[in-house]
There are 2 protein chains.
Amino acid sequence: MKGIRQLAEHLDISIGTVSRALNGKPDVNEETRRRVLAAAEEFGYVANQSGRSLRQGETKVIGLMIEASQEAVENADNFFLGVTSGLQHVFARHKLDLLMLPCPADEDPCEYLKRMVARRVVDAMIISNTQRIDRRIDLLSRAKIPFAAVGRSLSAGNYPWVDLDFEGVAERAVERLVARGHRRIAITAPSSEVNLGYVFVESYRRTLERHDIPFDPSLVIRVRSSEQGGYQAAHELLQLEDRPTAVILIYELMAIGLYRRLMEAGIRIGRDLAVIGFRDAPRARFLQPSLSCFRLSLYDLGIALGQMLLAHMPAYRAFYPDGGRNIIWPLELVPGESDVFEV
Amino acid sequence: MKGIRQLAEHLDISIGTVSRALNGKPDVNEETRRRVLAAAEEFGYVANQSGRSLRQGETKVIGLMIEASQEAVENADNFFLGVTSGLQHVFARHKLDLLMLPCPADEDPCEYLKRMVARRVVDAMIISNTQRIDRRIDLLSRAKIPFAAVGRSLSAGNYPWVDLDFEGVAERAVERLVARGHRRIAITAPSSEVNLGYVFVESYRRTLERHDIPFDPSLVIRVRSSEQGGYQAAHELLQLEDRPTAVILIYELMAIGLYRRLMEAGIRIGRDLAVIGFRDAPRARFLQPSLSCFRLSLYDLGIALGQMLLAHMPAYRAFYPDGGRNIIWPLELVPGESDVFEV
DNA sequence: CCTACAGTCGTAAACGTTTACGGGATGTGT
DNA sequence: ACACATCCCGTAAACGTTTACGACTGTAGG
């Protein structure tokens, strides 16, 4: 079966009618519609997507921009896969597909995105890892491409995003530690150009100051959010003269490296140093001693993100009347043994 | 910038020439080509992919079929993400994109695949989780859609695949345990309809019999390859009257559930029961006691898989002259403490 | 009998490319 | 002067759909 034309002449009907029949348009006799659907089923005819896309100007594909480097992917762990899974659950209902767009490490993400948008291969985009000032957001806004982002940014006024409540995490972590008598509390964070890194540390600082604890920049450790980063963070912690009694991690993978380095140094976690992590990935549950950390459901987040995107697309808006509002995603504290002692 | 037509009339050249200039065709003056490229750059013109696809009959998209259920995704962990990353590394060189095709849990995978193929939205497919008899393979072969699979199958004679060396894993695991005096060795595996499940157990059986240890079907525990499956496997182990002294896991996530159940039962891992796992995911490294397991690089596997696929596509064959041969992917044993005792 | 209208359907023009084909220059060798 | 090849470029036909438009029935209402 080549195309709609063959199907039409086999049925001795015009291709226009066949198309209308298949697409559920009203002005077609129910009897002929039945015949058309039966024949399509029989021959396994499905409309060629390129043809439709060209004519309709929409591709039924949602782009998902990701970082392509091996390191990024390995560290991202199943964060993205979890979100992706939720996204697909939403998109599948509308027969939308998800196209992964890995920006090569050596290319400017904005240029890459611009090319992909110009190719008109996606109807909408999901972006993540937003910078504090993110040109991709301006680009997409101007190009009028629907998009949703995981992570806030300062760019371009109003746009759909869902962001993890890092502010709350930092605040609650500090509160929890202060309540146990800690006053020298270190924190890890990515570069402050990444919005997350900025927000996280700012909230930490504010909470400290609310308790009359002066903010000490040397306690802010900027490392990569990876296992190696955790190792390095522990290393830097050990170098400090007035060593902190607690540390807040921004990413749970770091705990693994951090534990290792601290064990090498003979520091007893949960006794000599309190540790609070973030994101309850399965593996973090099996650290010894168990890691106190903040948990969320990536799958649910993906669903919310997908719905939010669709709520901003005219063709799907009706399905999600209240899906458009930005979300600060809450996290639940899972107490462990890594921060139980009092100082 | 709307399309090639506008670009052409701005340059006062025919669209045919513009197209040839952009696509590097030979019969165009170098001077005009320069002008065209400059103008395209200036206006940010990139050819509409639907138009090209329609005309050329190829979409520059590779499909990746995955299971869509939440459970599947969460258990799949970063296995798929790791492979995906390697795939993209290969595909990016040829400006190919990767489309995720999540088959809904309530739909027949083969029907789903057929629809996607008929839509002509992908040039080729990657499939995984192959069954011993897998209709998808026949379908793709007949439809003459290039594809590559992770996992062997009995279907359709010759097709490109890369498969993990489960045979070797089972053999070496048994050898290792037998050398330490074990004679009652349990093994976990998925259903034998999944080819992996069949091969794994067969190799286990052969190796046992080589050492004159009779094969005992009650020691083959068919559970899901998940954390819960591990828990359940431990549970079933404990029920056996003549309790085994060792167990071989097919998937490292299971170790987490298995450890937990065994600890609840007061069994000392590495003392009362030897455990050997598979696939050195980061989290498995942090089990106590550390898990002996078999490791591989998913990223490298993804690269090999991608190259293999391209080697089977006429348009890219030339780039990978020897990429077409099937691969049994080797695994490296990482010794841990979970199987150190002698019996 | 005329008009209006609803229900169907066919016709043909888009959508944005690529590419086979042919033709006008220009050069080159006899 | 002629044949012939080379280089460049324009023309127009595809690729497979969807959809605006108009046309043709039959029916109902006046």
Side-chain angles (χ1 to χ4, degrees), chain A residues 1-37 39-40 43-61 95 115-123 143 315, chain B residues 1-37 39-40 43-61 95 115-123 143 315:
Chain A
M1 178 54 50
K2 298 298 282 296
I4 199 175
R5 201 153 276 137
Q6 281 69 21
L7 190 60
E9 69 188 39
H10 171 262
L11 288 165
D12 205 32
I13 302 183
S14 80
I15 63 172
T17 303
V18 173
S19 174
R20 280 190 298 263
L22 291 172
N23 292 25
K25 291 297 163 67
D27 51 351
V28 43
N29 187 310
E30 280 309 319
E31 165 62 15
T32 50
R33 187 194 300 278
R34 211 191 40 69
R35 283 179 55 217
V36 171
L37 289 175
F43 296 132
Y45 168 78
V46 183
N48 177 305
Q49 185 61 42
S50 301
R52 330 188 86 191
S53 298
L54 183 56
R55 169 65 216 230
Q56 309 200 108
E58 63 172 24
T59 61
K60 297 280 179 190
V61 170
K95 300 208 174 300
R115 265 216 333 274
M116 289 305 154
V117 165
R119 278 211 305 165
R120 300 245 152 239
V121 74
V122 298
D123 292 340
Chain B
M1 178 54 51
K2 298 298 281 295
I4 199 175
R5 201 153 276 138
Q6 281 68 20
L7 190 60
E9 70 188 38
H10 172 261
L11 287 165
D12 205 32
I13 302 182
S14 81
I15 62 172
T17 304
V18 173
S19 174
R20 282 190 297 264
L22 291 172
N23 291 26
K25 292 295 164 64
D27 51 351
V28 43
N29 187 310
E30 279 311 318
E31 165 62 14
T32 51
R33 186 193 302 277
R34 210 191 40 69
R35 281 179 55 219
V36 171
L37 289 175
F43 296 132
Y45 169 78
V46 183
N48 177 307
Q49 185 62 40
S50 301
R52 315 189 99 191
S53 297
L54 183 57
R55 169 66 218 228
Q56 309 201 107
E58 62 172 26
T59 61
K60 297 281 181 190
V61 170
K95 301 208 175 300
R115 265 215 335 273
M116 289 304 154
V117 164
R119 278 212 304 166
R120 300 244 151 243
V121 74
V122 298
D123 292 341

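In this text, all values refer to a predicted model and were calculated from it rather than measured experimentally. In what follows, every chain begins at residue 1, and chains take the letters A, B, ... in the order their sequences are listed. Just the heavy atoms: all of them, side chains too, but no hydrogens, waters or symmetry mates, feed the values below.
Remark on DNA chain C: of its neighbouring residues B:Gly51 and B:Arg20, the 5'-side contact belongs to B:Gly51, judged by nearest-heavy-atom nucleotide. Ranked by how close their nearest DNA chain D nucleotide is to the 5' end, B:Gln56 and B:Ser14 are led by B:Ser14.
When the salt bridge (charged side-chain N to carboxylate O under 4.0 Å, His left out) test is applied to A:Glu9, no partner is found at least two apart in sequence or on another chain. Contacts of A:Arg34 classified as side-chain hydrogen bond (donor to acceptor under 3.5 Å, both in side chains), with partners at least two apart in sequence or in another chain: A:Glu31. In this structure, the salt bridge (charged side-chain N to carboxylate O under 4.0 Å, His left out) partners of B:Arg115, at least two apart in sequence or on a different chain, are B:Glu107. A:Ala118 is linked by a side-chain contact (heavy atoms from CB on, under 4.5 Å) to B:Val46, counting only residues two or more places apart in sequence or in another chain. Considering only residues two or more places apart in sequence or on other chains, A:Arg120 meets the salt bridge (charged side-chain N to carboxylate O under 4.0 Å, His left out) condition with none of them. Under the side-chain hydrogen bond (donor to acceptor under 3.5 Å, both in side chains) criterion, B:Ser19 pairs with no residue at all, not counting sequence neighbours. A search for salt bridge (charged side-chain N to carboxylate O under 4.0 Å, His left out) contacts involving A:Arg119 returns B:Asp97, not counting sequence neighbours. In this structure, B:Thr32 has no side-chain hydrogen bond (donor to acceptor under 3.5 Å, both in side chains) partners at least two apart in sequence or on a different chain.
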All N/O donor-acceptor pairs, side-chain side in residues 50-58 of chain B, below 3.5 Å, sequence neighbours left out:
| from | atom 1 | to | atom 2 | distance (Å) |
| --- | --- | --- | --- | --- |
| B:Ser53 | OG | B:Gln49 | O | 2.8 |
| B:Ser53 | OG | B:Gln49 | NE2 | 3.0 |
| B:Ser53 | OG | B:Glu58 | O | 3.4 |

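Within a 6.0 Å sphere centred on CG of A:Asp12, other residues, nucleotides and ligands contribute 12 heavy atoms or fewer.
When the C1' atoms of four end pairs are superposed on the next four at each end of the helix from C:dC1-D:dG30 to C:dT30-D:dA1, using five pairs per end, the two resulting axes differ in direction by 50°, to 10°.
Residues from residues 24-31 of chain B that place a heavy atom under 4.0 Å from any atom of DNA chain C, listed by number: B:Lys25.
Reading DNA chain C from its 5' end, the first and the last nucleotide to sit under 4.0 Å from a heavy atom of chain B are C:dG16 to C:dA20.
At a threshold of 4.0 angstrom between heavy atoms, the contacts of A:Thr32 are confined to the sugar-phosphate backbone, with no base atom among them. Heavy atoms of A:Arg120 sit nowhere under 4.0 angstrom from any nucleic acid atom.
Applying the 4.0 Å criterion to OP1 and OP2 of D:dC9, one finds that B:Thr17 has every side-chain N and O outside that range.
Between the side chain of A:Arg33 and the backbone N or O of A:Lys25, at least one donor-acceptor pair lies under 3.5 Å.
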